[in-house]
Amino acid sequence: MTHTDSRTMRRVLRREIAGTIGLLTDEHDFRVMRRYRSFTFHDHAAYLKHVEGLLRARALEGSHTTVALFDPEEYAEFCTQKGLDPDNPSSRTRFTARLAVTGPTLPYEGQPLSDLLPALVDEAVRQATWEYATTLLARLGACTSCGEDLGRAAFARASDLLVRILDTAPPGNRHLVCSVTGPPETLVAALHVTDTDGDVKLDETEALEFTTVLALGLATESPGGLVIRVTAPGDPDRVYGWRLRAYGLAPLTAGEVFDAYCTDVESGDLISPESNVDYCEPPDLGEVQPAQGHNH
């Protein structure tokens, strides 16, 4: 009886433990891990099938599982820094435990792995974009004339602009995209804002990432833009935007917005406009005068 009670209690405790699985999302990373003899999988598709089966089994047991993006290069660096043998399952376990705290992760909620994989990759891109933009802002240093921290000032400016954009937007759900072009690549951040009968909600992490990318574009005066799409029941979607200019935003004309949405980015060919969409000029953000940045 005591033995049975112990096993029952262990099963109960097992459900209380939150687990993390480090997932190899693509074929290339999977092939890199195969150089380790202790990594016994030979086929990526079969590997993903086993992972999905494990996730489902844990969910049926009532266990919560977080899925993390496992990067073989980061894993090798981690093992070198910690003096661990990379060809050892316990080393992979320690790395995965760190990913649970520092890496891009998503909770498993019963969704198919085919849906979870791209979402996890998107999360990784989001985190990398924010970290890169944050690093570049920090490197700007202080203004040589007034001593103000340029990155901090740009972030405050971007925050103010975002508030103005949301305050002046018509009622409805808003989807904002900010892109900043510069070496070595274009940074893109998105922000989703829901509006339910005036109850406006947004994800604070998304807002932080979006503001950081916008701040970088403002501070470096890099080419870029910001567009917003407002969706409300019974009305056409409204799309408008701005061009990043001189530490501020310059409104795009309705024609420029139309051209941006109805031109294929790669080929330059025209594409058909969406139905029930109004491409229009943005509302006045209510600024007394354009900001000039630190042009002393």
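The structure displayed is predicted, hence computed values, not measured ones.
Looking at Glu123 and Arg126, a side-chain N of the basic residue comes within less than 4.0 Å of a carboxylate O on the acidic one, giving a salt bridge. In this structure, Asp160 pairs ionically with Arg164, as a charged nitrogen and a carboxylate oxygen lie closer than 4.0 Å.
Partner Leu69 forms a side-chain contact (heavy atoms from CB on, under 4.5 Å) with one of Thr25, Leu24, Leu23 and no other, that one being Thr25.
By the 4.5 Å heavy-atom criterion applied to side chains, Arg229 and Val277 are counted as neighbours. Taking 4.5 Å as the limit, every side-chain heavy atom of Thr168 sits out of range of all side-chain heavy atoms of Asp284. Side-chain atoms of Thr220 and Leu136, non-hydrogen and from C-beta on, never get closer than 4.5 Å to each other. Counting heavy atoms from C-beta on, the side chains of Leu226 and Leu161 never come closer than 4.5 Å. A heavy-atom distance below 4.5 Å is found between the side chains of Leu55 and Leu113.
Counting only residues at least two apart or in different chains, side chain to side chain donor-acceptor pair (under 3.5 Å) contacts with residues 29-40 comprise Arg34-His42, Ser38-Asp87, Ser38-Arg92. Sorted by first and then second residue, the side chain to side chain donor-acceptor pair (under 3.5 Å) pairs with a member in residues 69-86 form an empty list; sequence neighbours excluded. Under the side chain to side chain donor-acceptor pair (under 3.5 Å) criterion, no residue pair touches residues 97-113, with sequence neighbours excluded. Applying the ring pair (Phe, Tyr, Trp, His ring centres under 6.0 Å) rule to pairs touching residues 200-245 yields Tyr240-Trp242, sequence neighbours excluded.
The aromatic rings of His44 and Phe30 sit tilted relative to each other, their planes meeting at an angle between 30° and 60°.
Using a distance-only test at 3.5 Å, with no hydrogens or angles considered, no donor-acceptor pair links the side chain of Arg238 to the main chain of Thr231.
With rounding to the nearest 0.5 Å, the separation of CG in Leu48 from CG in Asp43 is 9.0 Å.
In this structure, Phe155 belongs to a hydrophobic cluster whose other members, linked by side-chain heavy atoms under 4.5 Å apart, are Trp130, Leu208.
Listed by chain and residue number, His175, Glu206 satisfy the side chain to side chain donor-acceptor pair (under 3.5 Å) test with His192 (two or more places apart in sequence, or in another chain).
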